[in-house]
Amino acid sequence: MKSKMSLQDTLTNHIKQAINSIYKVALETVEFQATRKEFAGDITVVVFPMLRVIKGNPMQIGEAIGNYLVENVANVKAFNVVKGFLNVEIEDGYYREFFNSIKTNTTFGFVAPSVNEKAVMVEYSSPNTNKPLHLGHVRNNLLGYSVAEIIKAAGKKVYKTQIINDRGIHICKSMLAWQRFGNNETPESTGLKGDKLVGNYYVKFDQEYKKEIKDLIAKGQTEDEAKKNAPILLEAQEMLIKWEAGDEEVVALWTKMNTWVYDGFNITYKNLGVDFDTLYYESETYLLGKEFVAEGLKTGVFFSKEDGSVWCDLTDDGLDEKIVLRSDGTAVYMTQDIGTAIQRVKDYPDVGGMVYTVGNEQDYHFQVLFLILKKLGFDWAKNLFHLSYGMVDLPSGKMKSREGTVVDADDLIVEMATTAGEISQELGKLENYSEAEKQELYKTIGLGALKYYILKVDPKKRILFDPKSSIDFQGNTGPFIQYTYARIQSILRKANLDDVVLSSTVEVALHDKEKELVKQLQLFPEVIQNAADNHSPALIANYTYDLVKEFNSFYQNVSILGANTQNEKVFRVQLAYVVANTIKNAFGLLGVQVPERM
RNA sequence: GGGCUCUUAGCUCAGCUGGAUAGAGCACCUCCCUUCUAAGGAGGCGGUCUCAGGUUCGAAUCCUGAAGGGCUCACCA
């Protein structure tokens, strides 16, 4: 494979030579930016930074470089200088050549996984098994899945994983409530999804717990006392102890109810379109990490206090002291996370870095975790990244499972599809579709709207989600982009597309809109790399939006099938094809599907 | 109180190596379907980029400080 020098690289080299021959000085770097639409030109050289090494007036320097480029560089057609900006016009031929080099490459922009590169493990979702997934999990899942796909597209092997929080007092609460009030209900007997059924008992527990607290307060206890002494809570704590001791009956119940939950989760994951390569269960990992704490004690990374608890002193790093082992020798959250990270690298030795998709309330935890792993001397510790994201809040405030003020993931998906269906029916473009096909399409559009809505914003920002008015289907939205894709497919069907048309090379003068589209396509590989480096699906979303806007403008201004010449028609069909393919691939990175019609 | 983080148009957001007159969508107002899907396009309205300093030829972008919102600072996970 021959690597072709990019336009920027070529220009950089020539500009350096120009500066060298005209001003007798060496230039370190050249700054470029896209030429603003109101000026003639395709790429702009920023002259200002050169003033550091060249004494002179930016206009004159720009003129001199411009002249040199026109004379010496094949594809440079003309130039103009505005203030300190040298706008360079490039020959159509350059863009045609680029376009022809990618037009049959269905994975343009993607880099095949390299054998030499270390793999990345991306953790996301990681729910508790006592309640169904809600909108917060949806954001987590979409982000994690998308970042995993993006890293893959950027040329690294990826393992998608999650750590399932399948043990602890919260699970026991659901179990206990079911035992007491459940009358042996099952998902089958009730027709409820397993996670919903279990979630109901978690709520039930809380109701009972509150009732008991009230009773105790009435009997004269303080609120704090009542909260500690409520019989149902004591019983749940007892249950946890039994579970840890391996009590057969408790473990059997635990297994049964968790299985219900997993069945439910799997349906939600499937509907959401996310998947995992490998799973970790907290019940299997919560004891891990202790040996490394012992190790760290020896090497002085940790120290123990008089009561036997073990700590890590991070005050030199501007943080606090952090406990890594309780005085009774049991593991804390941190211990477990240390152990799990190490375990993962043992299980998958090609892993050289990890991404943790976890809400920003755990920023501090991960800061500490990564630091400790570094101190323990793991070389992969420098490649750990906390993909932190803001909460999803409702107009009514925070979502709270126990109080039932959550936007349920399954309900949300259904609602989105319903809305998509309503809009679709109003527009009435689907005459030949069967009912099943329609439902499938509505789901694609509804999910597309939801996913795009969440992924297009910076993960760091918190989202205020108003179920009634949040998600549009017009403008900068998933459906808008899907619509453009469908419209292109319609053209391609009418064009009787075949391999000959696609692979044939035609020479046509480029329309402005065509050139802009080709330029936009050209950015895709860089956008993918950038998105991977920054763990940012939003970059992909915004790129796709820009591409689609550019295409729609082209579409309204230029007739594709009604082109004046056969050559123009062929080129435009090819262009539409490549744009559609790029939309599809880009949306694939976001986990959004594109419909053939809508 | 300490730490982290966010603040750009009425609303939701872009703006990621500091660069030209800060861009989109929604909403509101015009116009465009006898031509490839109008979930579209063309245009208008709308901004002291929270505030105050600083660095720079040049700051929404970098630095310092302030204000407001969020998160966090457990032998919980």
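None of these values were measured; they are calculated from a predicted model. Residue numbering restarts at 1 for every chain, and letters A, B, ... go by the order of the sequence lines. The figures here come from the full heavy-atom set of this structure, side chains too, leaving out hydrogens, waters and symmetry mates.
For Ser490(A), a side-chain nitrogen or oxygen approaches OP1 or OP2 of U37(B) to under 4.0 Å. Remark: Arg326(A) is not in phosphate contact with A74(B), judged by side-chain N or O atoms under 4.0 Å from OP1 or OP2. Side-chain nitrogen and oxygen atoms of Arg597(A) include none within less than 4.0 Å of the OP1 or OP2 phosphate oxygen of A39(B). Note on Tyr453(A): every side-chain N or O is 4.0 Å or more away from OP1 and OP2 of C13(B).
A cation-pi geometry, defined here as NZ or CZ lying under 6.0 Å from the six-membered ring centre and within 45° of its normal, does not hold between Arg597(A) and Tyr433(A).
No donor-acceptor contact under 3.5 Å links the side chain of Gln556(A) to the base of A42(B). Between the side chain of Thr44(A) and the base of A20(B), at least one donor-acceptor pair of N or O atoms lies under 3.5 Å.
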What nitrogen or oxygen pairs link the protein and nucleotides 1-9 of chain B at under 3.5 Å?
unit_1, atom_1, unit_2, atom_2, d
U7(B), OP1, Lys461(A), NZ, 3.2

Can you check nucleotides 57-64 of chain B for protein contacts, nitrogen or oxygen pairs under 3.5 Å, and list what you find?
unit_1, atom_1, unit_2, atom_2, d
C57(B), N4, Arg52(A), NH2, 3.2

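With C1' as the reference atom, A14(B) and C73(B) are 34 Å apart, rounded to whole Å. Remark: the separation of the P atoms in C57(B) and A22(B) is 22 Å, to the nearest Å. When the C1' atom is used for both G68(B) and C51(B), the distance is 11 Å, rounded to whole Å. Comparing A39(B) with A59(B), their P atoms are spaced 44 Å from each other, to the whole Å.
In this structure, the ring of Tyr202(A) has its center no less than 6.0 angstrom from the ring center of His170(A). Here Phe480(A) and Phe473(A) keep their ring centres 6.0 angstrom or further from each other.
Every residue two or more places apart in sequence or in another chain that forms a side-chain contact (heavy atoms from CB on, under 4.5 Å) with Gln33(A) is listed here: Thr44(A), Val46(A), Phe85(A). Applying the side-chain hydrogen bond (donor to acceptor under 3.5 Å, both in side chains) criterion to Arg139(A), with sequence neighbours excluded, gives no partner residue. For Ser283(A), the side-chain hydrogen bond (donor to acceptor under 3.5 Å, both in side chains) partners two or more places apart in sequence, or in a different chain, are Asp166(A). Here His511(A) pairs with nothing under the ring pair (Phe, Tyr, Trp, His ring centres under 6.0 Å) rule; sequence neighbours left out. Under the side-chain contact (heavy atoms from CB on, under 4.5 Å) criterion, Val527(A) pairs with Leu523(A), Ile540(A), Tyr543(A), sequence neighbours left out.
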(request) Classify every nucleotide of nucleotides 21-29 of chain B by which part a protein heavy atom approaches to under 4.0 Å, writing B for the base, S for the sugar-phosphate alone and - for neither, in 5'-to-3' order. (result) S-SSS----

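The distance from atom OH of Tyr333(A) to atom C1' of C73(B) is 15 Å, rounded to the nearest whole Å. For Gln162(A) and A77(B), the CD to P distance is 20 Å, given to the nearest whole Å. Residue Leu86(A) contributes atom CG, which lies 13 Å from atom C1' of A20(B) at whole-angstrom precision. To the nearest angstrom, C1' of G40(B) lies 15 Å from CD1 of Ile423(A). Atom CG in Asp393(A) sits roughly 11 Å away from atom C1' in G69(B) (whole-Å rounding). We find that CZ of Phe551(A) is positioned 9 Å from C1' of C36(B), with the value rounded to whole Å. Distance, Ile463(A) CD1 to C13(B) C1': 11 Å, rounded to whole Å.
In this structure G1(B) sits in a base pair with C73(B), meeting the Watson-Crick or G-U test at under 3.5 Å. Pairing partner, U12(B): A24(B), with both Watson-Crick or wobble hydrogen-bond distances short of 3.5 Å. Across every strand in view, U30(B) sits in a pair with A42(B) that passes the Watson-Crick or G-U test at under 3.5 angstrom. Applying the Watson-Crick and G-U wobble criteria (two distances, each under 3.5 Å), U64(B) pairs with A52(B).
Side-chain atoms of Phe85(A) lie closest to G19(B) of the nucleotides G19(B), C71(B), C16(B). Checked against A77(B), G40(B), A39(B), the side chain of Val332(A) finds its nearest nucleotide in A77(B). The side chain of Val82(A) lies closest to A20(B), out of C76(B), A20(B), A38(B).
Among residues at least two apart or in separate chains, there is no salt bridge (charged side-chain N to carboxylate O under 4.0 Å, His left out) pair with a member in residues 437-453 of chain A. Evaluation of the salt bridge (charged side-chain N to carboxylate O under 4.0 Å, His left out) test over residues 479-495 of chain A, restricted to residues two or more places apart or in two chains, returns none. Evaluation of the side-chain hydrogen bond (donor to acceptor under 3.5 Å, both in side chains) test over residues 310-326 of chain A, restricted to residues two or more places apart or in two chains, returns Lys305(A)-Glu321(A), Ser309(A)-Trp311(A), Asp313(A)-Thr315(A), Asp317(A)-Lys375(A), Asp320(A)-Tyr364(A), Arg326(A)-Thr330(A). Sorted by first and then second residue, the salt bridge (charged side-chain N to carboxylate O under 4.0 Å, His left out) pairs with a member in residues 28-37 of chain A read Arg36(A)-Glu38(A), Lys37(A)-Glu550(A); sequence neighbours excluded.
With its glycosidic angle within 90° of 0, C33(B) is assigned syn.
The aromatic rings of Phe385(A) and His535(A) sit parallel to each other, their planes meeting at less than 30°, with 60° as the upper class boundary.
The main-chain N or O of Ala538(A) is never found under 3.5 Å from a side-chain atom of Asp458(A) such that the two would form a donor-acceptor pair.
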